Each structure stands twice: as C-alpha cells, then as structure tokens.
2 protein chains.
Amino acid sequence: MEFKEAKNKFVQTWGALGSQWGINKTMAQIHALLMVAHEPLSMEDIMEELHISRGNASMNLRSLMDWGIIYKELKPGERREFFVAEKDLDELAVKVAQERSRREIKPALKVLKEVSTANITNTSAEAKQFKDQTSKLYDFVLKADNMIEKVTEYKDNWLARLVMKVMK
Amino acid sequence: MEFKEAKNKFVQTWGALGSQWGINKTMAQIHALLMVAHEPLSMEDIMEELHISRGNASMNLRSLMDWGIIYKELKPGERREFFVAEKDLDELAVKVAQERSRREIKPALKVLKEVSTANITNTSAEAKQFKDQTSKLYDFVLKADNMIEKVTEYKDNWLARLVMKVMK
DNA sequence: CTAAACTTTCAAAAATAATTGAAAATAAAT
DNA sequence: ATTTATTTTCAATTATTTTTGAAAGTTTAG
C-alpha cells in the first residue's frame with residue numbers, strides 16, 4: 001500500500017467512524033488529517049486534500065477548536081493561519097470525554113433529575129414504574145459522569161492506569 | 001409536572017441524546033418508552049404514543065432487538081407481539097458497549113492495523129509521522145477495546161465496581 | 001487610508017437519513 | 001383452504017443535516 005493510499009484510507013475510516021458517533025464526517029476527516037500531519041496545515045491545504053469548500057473548512061475547523069482538540073498556530077512572517085491537532089491520545093480522549101460530559105451528559109442529568117423527582121399526582125403502577133426507573137437512570141448516569149470526571153483528572157496516561165486497575 | 005408531561009419530556013430528551021450519539025431519534029424514543037413502561041407494549045401502543053407509522057415502528061423495533069436491548073414477549077392467547085426493554089442498566093450498558101465494539105471499534109482496529117503496518121516505500125518525514133501516529137492510535141484503541149471486554153465480563157454491577165477501583 | 005490577503009457568515013443547494021404507507025409476506029383461526 | 005390479524009419490506013416522499021460559494025468582515029501591508 002502506498003503512503004497516499006494509506007493516508008486516504010485512514011482519513012475515510014476516521015470520517016465514517018465519526019458519523020457513527022454523531023460527529024460530522026468532514027470534521028472527523030479534518031481531525032484525522034491533522035493528527036497524522038507532520039507539520040501545521042493551512043486552510044488551503046485542508047480544502048485541497050479533502051476537496052471541500054472554504055466555508056466548510058472554516059466551520060469545521062472552528063468546531064474542532066471549540067472541542068479543544070486542534071489548535072491554531074501562527075507562523076512568523078506568514079499571514080494565514082495554520083492548524084495542528086492534539087497528538088497526545090490520552091489528552092485527546094480526556095478532552096472529548098469532558099466536552100461530551102459538559103454538552104450532553106450534564107444537560108441530560110438535569111432533565112433526569114427533573115422528571116424523576118417531579119411531583120406527580122398520578123398514583124398508577126405506570127407512574128410508579130416511571131419514577132422508579134428514571135431515578136435509577138439518574139443514579140446510573142450520575143455515577144458514570146462522576147467516573148469520567150475522576151478519571152480525566154489524571155490527565156496523563158489515565159487509560160493505562162485504568163487498565164491496570166481493571167486487570168489486576 | 002404531570003405524569004404524561006414528565007414521560008414526554010423523558011422520551012424527547014432520550015431521543016435527542018440518541019441523535020447526538022449516532023442513534024436515530026425514533027429508535028431512542030421507542031427505547032425510552034419501553035424502559036419506563038410497566039407492562040409490555042404492542043406495536044400499536046408504540047405507534048400511537050409516538051405518532052409514528054407502522055413501518056417506522058417495525059424497523060426500529062427490529063434494530064433495538066438486534067442491539068439486544070429489547071425483547072419480544074408473547075402473551076398466551078394474544079396474536080400480536082409485545083415488547084419489553086432490558087431494564088437493568090448495568091446489563092444495558094454492557095450490551096451497548098459490546099455492540100459498539102463489535103460493529104465499530106473492531107472494524108476500525110482492522111483498518112488501523114492495516115495502515116499502520118503497511119509497507120510504505122515513501123521515506124519522507126510525513127510518511128514517518130503517519131506510521132508513528134497511526135501505530136499509537138492502534139495501540140490506544142486496542143487497549144480501550146480490551147478494557148471494554150474486560151469490564152463487561154463482570155456483567156453485574158460493573159460500573160459500581162469500576163467506580164470503587166477508580167475512587168480508591 | 002486603501003488595497004490585498006485571508007477568514008467568516010449564512011442563505012440556498014445538495015446530499016443524506018428517516019419516515020411513510022401500501023403491497024407483500026407470514027401466521028393463526030375458522 | 002380461506003379469511004383475518006398482524007408484521008415486514010421497500011420505493012417514494014419528507015425531513016434533517018451538510019456543503020457550497022459568494023458577499024461581508026477582518027487584519028495586515030504598503
């Protein structure tokens with residue numbers, strides 16, 4: 001397999017994976033490209049390599065920066081902006097976990113708390129089961145979210161440490 | 001908040017969450033509905049409660065069964081089929097983790113192995129960095145996937161156990 | 001200050017994914 | 001064997017998401 005072919009396969013696969021996890025394909029592809037790049041890429045570079053429009057590149061680069069998993073890099077004497085990806089995988093996983101917690105899990109927890117503690121007058125078995133199950137769900141998700149917080153505090157090498165603990 | 005309102009809020013929220021994680025909205029909503037139902041629901045019940053078509057209900061019920069997180073239940077003397085959700089949250093999480101591993105992580109690992117070990121003639125710094133980073137990614141994802149396998153073997157109360165380990 | 005280089009925005013278009021509904025299939029009852 | 005109840009399939013439609021591209025916005029240089 002030639003380099004270009006391998007790189008393309010990697011970028012495509014990463015993009016498809018992203019889609020399945022609710023991340024738009026182009027965003028995941030740009031991320032893939034930057035992860036394996038050995039030097040900062042300009043927007044122009046990215047547009048060219050992925051055959052995408054300027055607007056698309058701009059918007060997805062911003063999203064990736066909002067996730068905190070790519071950075072702008074300014075080259076002295078250069079007018080345009082360059083981008084690099086966080087290449088440390090522990091750090092990447094921590095960032096993704098923290099963002100998903102903040103954007104999705106925390107708001108879901110809020111709703112779960114609301115509905116599970118709502119003062120429901122209805123005394124049917126159905127209403128009882130609802131309260132019971134949503135309470136359990138709240139506890140479960142809260143526990144999982146706390147674990148994410150705890151685990152991602154380590155920053156360095158958290159996965160390896162966790163594997164150790166689990167294996168022993 | 002009244003029961004119907006609370007239930008609706010829960011179902012809607014679960015559906016939106018599903019979307020963000022790459023699961024179609026209706027599928028997540030059906031799952032939510034069955035999770036808090038105190039008795040098995042027929043397809044008719046589900047169609048009515050969610051205002052969806054028969055075809056949509058049928059297809060998404062099948063998907064949920066393929067994931068192994070809802071079951072068919074036959075009532076004696078009843079012609080039509082009823083459905084119940086796995087209500088044990090540990091079991092639910094294990095099933096979801098195992099399916100995602102099987103469907104998405106394992107195939108991704110295969111590609112990562114391929115591209116990271118490809119016999120690339122190109123000796124540029126770029127090609128070198130590509131091999132290096134994809135190898136690291138392969139190791140990382142493999143480790144994470146192994147952890148999922150290990151953790152989900154417990155079946156019972158795996159999250160609580162993991163939390164214990166992490167906290168201590 | 002003005003032009004040139006570059007980036008962002010956003011309405012419209014295109015692509016993708018989800019949903020419908022009716023016909024076909026299946027299974028049970030008479 | 002035929003009718004009736006129920007589920008599945010899938011082509012067509014509808015809804016949602018993504019992408020484009022040109023105009024507006026910014027920033028640096030001269």
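Residue numbering restarts at 1 for every chain, and letters A, B, ... go by the order of the sequence lines. From a predicted model like this one, the values you see are computed outputs, not experimental measurements.
For A:Ser58, whose side chain is taken as the heavy atoms from C-beta onward, the closest listed nucleotide among C:dG21, D:dT20, C:dT8 is C:dT8. Out of D:dT8, D:dT28, C:dT19, the shortest distance to the side chain of B:Met59 is found at C:dT19. When the nucleotides C:dT8, D:dT8, D:dT19 are ranked by their closest atom to the side chain of A:Thr26, D:dT19 comes out on top. Closest to the side chain of A:Lys25, from the set D:dT4, D:dT9, D:dT19, is D:dT19.
Toward the 5′ end of DNA chain D lies the nearest nucleotide of B:Met43, the other residue of the pair B:Met43 and A:His51 mapping further downstream.
Rounded to whole angstrom, the span from the CD atom of B:Glu78 across to the C1' atom of C:dA28 amounts to 13 Å. In this structure, A:Asp66 atom CG and C:dT8 atom C1' are separated by 13 Å, rounded to whole Å. As rounded to whole Å, 13 Å separates atom P of C:dT7 from atom CD1 of A:Ile30. Distance CG (B:Asn56) to P (D:dT9): 14 Å, rounded to an integer number of Å. Regarding A:Ile46, its CD1 atom lies at a distance of 14 Å from the C1' atom of C:dC6, rounded to whole Å. In this structure, the CG atom of A:Asp45 is 15 Å from the C1' atom of C:dT7, given to the nearest Å. Rounded to an integer number of Å, the gap from B:Lys72 NZ to D:dT8 C1' is 10 Å. Remark: C1' of C:dT19 and CD of B:Gln29 are 13 Å apart, rounded to the nearest angstrom.
The phosphate of C:dT19 has OP1 or OP2 within less than 4.0 Å of a side-chain N or O from B:Asn24. Side-chain N/O atoms of A:Arg62 include one lying less than 4.0 angstrom from OP1 or OP2 on C:dT9.
Contact annotation: side chain of B:Arg54 to base of D:dT8, donor-acceptor pair absent below 3.5 Å. Side-chain N/O atoms of A:Arg79 and base N/O atoms of D:dA29 include no donor-acceptor pair closer than 3.5 Å. For C:dA5, its base never sits under 3.5 Å from the side chain of A:Arg80 at any donor and acceptor pair.
The ring of A:Phe3 has its center closer than 6.0 angstrom to the ring center of B:Phe130.
For the 3.5 Å distance criterion, the side chains of A:Ser53 and A:Asn56 fail to qualify, holding no donor opposite an acceptor.
For the salt bridge (Lys or Arg N to Asp or Glu O under 4.0 Å) with B:Asp145, the qualifying choice from B:Lys150, B:Arg102, B:Lys106 is B:Lys106, the only one to do so.
Between A:Lys110 and A:Glu114 a salt bridge is recorded (basic side-chain N to carboxylate O distance below 4.0 Å).
Between A:Ile23 and A:Arg100, the shortest heavy-atom distance links the atoms CD1-NH2, 3.9 Å.
Within 4.0 Å (heavy atoms only), B:Glu44 reaches no atom of the nucleic acid at all.
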